[in-house]
Amino acid sequence: GENVEQHPSTLSVQEGDSAVIKCTYSDSASNYFPWYKQELGKGPQLIIDIRSNVGEKKDQRIAVTLNKTAKHFSLHITETQPEDSAVYFCAATPSYSSASKIIFGSGTRLSIRP
Amino acid sequence: GAVVSQHPSWVICKSGTSVKIECRSLDFQATTMFWYRQFPKQSLMLMATSNEGSKATYEQGVEKDKFLINHASLTLSTLTVTSAHPEDSSFYICSAPPDLTGASGSDVDEQFFGPGTRLTVL
C-alpha cells in the first residue's frame, strides 16, 4: 500500500519569509496529491492539489511541485503571514476517483514568527 | 463549496458506554464516506470506508465489532464506538467525496472533510 513521508515535522519561519514542506510517496500508481491545512480543533481543509500529469501548480502565495520520477512533491508558501500558522498535511491517492482512499503524511507544524 | 457536518462536535462519556457520531453531506450525495481517527499531534489515520447500501470496509487493525459503521443514506454515515474505553479518546473526522464531479461547486475529485468530533472517554 501507499506510504507518505513528510518533512520537517516542525517549521518556524519569520513573517514574510518562505516555507517549504517536502513529501515522498511509495506507490507509483498514486496520481493525485492534495495538501491540507488543519487548524487546532478543526477538520483539514484542502489548500492546493496537483495531479501526476502536471509538474507545478500555483495559487497566489501557495505553490506545489511534483517530481513523479523521484516520487517527491513539495509545498511552497511565500510571503508567509501569521494566519499561515497551522499544521499542514500532504497526501496521496492512487486514483483520480474521489472515492479513493487518501493517505496522509505525518504533518508539519508551521509557526510564523512576527 | 460543499459542506460536510458532524454531530456532535464533542462528547464525553463513561467507560463502557457507546457513542454514535454522525457525518452528513449537506448539499451533495456521497455513496462513499471515509472515517479517520486523529490522536493529539498525530496525523489522520484512515479507519474505514463507509459504503451506502453495503458493508463498510475496515483498515487493518481496526476492530469492526467495536467501530460500527452504518451508511443509512446517500447523505448520512454514522460511526458508533461501542463499549468505549479511555484509549478510544480521540478526534474522529469523516470525509465525503461527491458522487458527481462538480456537485455543489466542487472541483474535480475533491473530498470534503467534516469539522471533527472530539471524543473523551472517562
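In what follows, every chain begins at residue 1, and chains take the letters A, B, ... in the order their sequences are listed. Only heavy atoms go into these numbers, but all of them, side chains included; no hydrogens, no water, no symmetry mates.
By the neighbour-count criterion of 12 heavy atoms within 6.0 Å, atom NZ of A/Lys22 is sparsely surrounded, having that number or fewer from other residues, nucleotides or ligands. The local environment of NZ in A/Lys42 is sparse, with at most 12 non-hydrogen atoms from other residues, nucleotides or ligands closer than 6.0 Å. More than 12 heavy atoms of other residues, nucleotides or ligands lie within 6.0 Å of CD in B/Glu87, so this atom counts as buried by the packing criterion. In the displayed structure, A/Gln81 atom CD is contacted under 6.0 Å by more than 12 heavy atoms of other residues, nucleotides or ligands.
Of the possible polar contacts, none joining the B/Ser43 side chain to the A/Gly107 backbone as a donor-acceptor pair under 3.5 Å is found.
Contact of A/Pro34 with chain B is not made at all, since no heavy-atom distance falls under 4.5 Å.
Residues meeting the side-chain contact (heavy atoms from CB on, under 4.5 Å) test with A/Val87, sequence neighbours left out: A/Phe89, A/Arg109.
In terms of non-hydrogen atom pairs under 4.5 Å with chain A, the most contact-rich of B/Gln42, B/Gln38, B/Met45, B/Arg118 is B/Gln38. Ranking B/Gly116, B/Gly114, B/Pro115 against chain A, the residue ahead of the rest is B/Pro115, based on heavy-atom pairs under 4.5 Å.
With hydrophobic clusters built from ILVMFWY side chains whose heavy atoms lie under 4.5 angstrom apart, A/Ile21 does not share a cluster with A/Tyr32. Transitive grouping of hydrophobic side chains (ILVMFWY, heavy atoms separated by less than 4.5 Å) keeps A/Phe104 and A/Ile47 in distinct clusters.
Here the closest non-hydrogen pair linking A/Gly41 and B/Phe91 is O-CZ, 3.6 Å.
Here the straight-line distance linking atom CZ of B/Phe113 with atom CD1 of A/Ile102 works out to 4.5 Å at 0.5 Å rounding. The distance from atom CZ of B/Phe112 to atom CD of A/Gln45, rounded to the nearest 0.5 Å, is 10.5 Å. Here the straight-line distance linking atom CD of B/Gln111 with atom OG1 of A/Thr93 works out to 7.0 Å at 0.5 Å rounding. Atom NZ of residue B/Lys41 and atom OG of residue A/Ser106 lie 14.5 Å apart, to the nearest 0.5 angstrom.
Looking at B/Leu44 and A/Gln38, their side chains come closer than 4.5 Å, going by heavy atoms from C-beta outward.
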